[in-house]
Amino acid sequence: MSPTPKFACFVTGTDTGVGKTLASAGLLHALARHHARVVGMKPIAAGAEWHHGQLANEDAIALRAASTIAVPPALDNPVLLPDPLSPHIAAERAGTRIDIAHIVRSYEALAAQADAVVVEGAGGFHVPLSDTETGADLAQALGLPVVLVVGLRLGCLSHAALTADAVRARGLPLAGWIASRIDPHMRAPQDNLDWLAQRLGAPLLADIPQQAVPDARALPFDLPAAWTTR
């Protein structure tokens with residue numbers, strides 16, 4: 001059996017565009033203060049651009065920049081789809097299918113090289129991967145504790161509560177949540193934060209402010225002690 005990292009988690013969001021990649025990169029930087037070998041993984045990425053002579057996804061690039069070790073792209077981004085669409089549509093257009101078992105094997109090979117791993121999911125928790133599988137099936141197959149990024153905007157309370165319930169329905173622990181202030185005009189943000197803190201039943205790991213130039217290194221994270229044990 002491959003050695004397991006000291007810490008690993010699966011990052012999901014209340015929706016797409018809520019700041020999962022910034023939060024994941026910030027979490028990697030926070031973990032790197034306590035662990036030497038820290039690496040991010042973007043199992044499924046839809047949307048590719050040329051980067052240093054090869055196709056890559058911008059989220060995967062950001063996670064690599066926040067990692068302290070480099071691994072082959074086949075391990076940290078095993079599924080790269082050209083079109084920036086829902087994964088099931090992007091996979092169909094690319095003439096391929098998303099194989100969860102293959103992703104799990106890639107994760108195991110990557111995790112064997114690391115002390116801490118942050119796996120960033122695609123879209124929301126139930127984003128379709130095929131006609132029969134969703135991101136929830138991937139999270140369940142990986143079996144990692146889940147960190148939920150909540151995009152603070154009108155409607156986020158229902159989205160957050162539904163996602164937390166869906167995570168626990170899969171038998172996965174909700175290990176923590178991250179507030180992402182994506183709407184600077186949101187009314188009563190503190191009241192919303194207070195409700196989420198009570199309803200989600202998991203520690204608030206970070207409250208990410210809006211930044212003119214996003215800087216994952218500067219994000220204020222409060223990690224549980226168990227996550228920082230060497």
Side-chain angles (χ1 to χ4, degrees), residues 1-13 16 20-21 23-25 27-28 31 37-49 51 54-64 66-67 69-149 163 166-167 169-175:
M1 179 179 295
S2 299
T4 58
K6 297 180 177 67
F7 173 79
C9 69
F10 182 90
V11 178
T12 191
T16 192
K20 289 194 310 298
T21 301
S24 297
L27 182 52
L28 284 166
L31 288 166
R37 301 176 302 163
V38 174
V39 66
M41 181 184 190
K42 183 74 176 181
I44 303 164
E49 59 188 27
H51 182 74
Q54 63 181 359
L55 283 173
N57 173 264
E58 63 179 356
D59 293 348
I61 293 169
L63 296 183
R64 288 168 187 155
S67 300
I69 62 172
V71 298
L75 295 187
D76 69 7
N77 181 204
V79 179
L80 176 60
L81 304 167
D83 296 323
L85 301 167
S86 178
H88 73 297
I89 300 173
E92 182 178 3
R93 291 195 176 188
T96 188
R97 60 180 290 274
I98 296 171
D99 183 349
I100 289 178
H102 170 67
I103 293 173
V104 171
R105 290 192 296 272
S106 299
Y107 165 77
E108 290 172 344
L110 177 147
Q113 304 178 42
D115 300 317
V117 183
V118 175
V119 181
E120 183 195 343
F125 192 60
H126 271 295
V127 63
L129 305 184
S130 69
D131 290 340
T132 58
E133 293 178 314
T134 73
D137 294 298
L138 172 59
Q140 189 173 28
L142 290 169
L144 301 177
V146 175
V147 171
L148 174 61
V149 180
T163 304
V167 167
R170 292 293 182 130
L172 300 171
L174 183 63

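- Side-chain contact between Leu138 and Ile98 is absent, with no heavy-atom pair separated by less than 4.5 Å.
- Proximity of Val79 to Ile103: side-chain heavy atoms (C-beta onward) are separated by under 4.5 Å at one or more points.
- Contact record, Ala109 with Leu75: CB-CD2, 3.8 Å, taken as the closest heavy-atom pair.
- With rounding to the nearest 0.5 angstrom, the CG atom of Leu27 is 10.5 Å from the CG atom of Leu63.
- The CZ atom of Arg64 sits 12.5 Å away from atom CG of Leu28, with the distance rounded to the nearest 0.5 Å.
- Between the Lys42 side chain and the Gly121 main chain, a donor and an acceptor come within less than 3.5 Å of each other.
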*Give the C-alpha distance, both sets of side-chain angles, the deciding distance and a yes or no for side chain to side chain contact (heavy atoms under 4.5 Å, CB included) between Leu148 and Val167.*
CA-CA 9 Å; Leu148 174 61; Val167 167; over 6 Å; no

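- Nearest heavy-atom pair across Val11 and Lys20 is O-CD, 4.3 Å.
- Here the straight-line distance linking atom CG of Asp99 with atom CG of Leu129 works out to 11.0 Å at 0.5 Å rounding.
- Between Val104 and Ile100, the closest side-chain pair of non-hydrogen atoms falls below 4.5 Å.
- In this structure, CG in Leu110 is found 6.5 Å from CD1 in Ile69, a value given to the nearest 0.5 Å.
- For the side-chain hydrogen bond (donor to acceptor under 3.5 Å, both in side chains) test with His126, the passing option among Thr134, Thr163, Thr12 is Thr134; the others fail.
- Annotation for Val127 and Pro87: closest pair CG2-CD, 3.5 Å, computed over non-hydrogen atoms.
- Between the CG atom of Leu172 and the CZ atom of Phe10 there is a distance of 9.0 Å, given to the nearest 0.5 Å.
- In this structure a side-chain-to-backbone donor-acceptor pair under 3.5 Å is missing from Asp115 to Val38.
- The minimum heavy-atom distance linking Pro43 with Glu120 is given by the pair CD-O, 3.2 Å.
- Residue Arg170 qualifies as enclosed at atom CZ: its count of foreign heavy atoms under 6.0 Å is above 12.
- Rounding to the nearest 0.5 Å places CG of Leu142 at 11.0 Å from CG of Asp137.
- Under a cut-off of 6.0 angstrom, the local environment of CD in Glu133 is crowded, with over 12 non-hydrogen atoms contributed by other residues, nucleotides or ligands.
- The minimum heavy-atom distance linking Ala8 with Pro145 is given by the pair O-CG, 3.3 Å.
- Across every non-hydrogen atom of Ser106 and Ala74, the tightest pair is OG-O, 3.6 Å.
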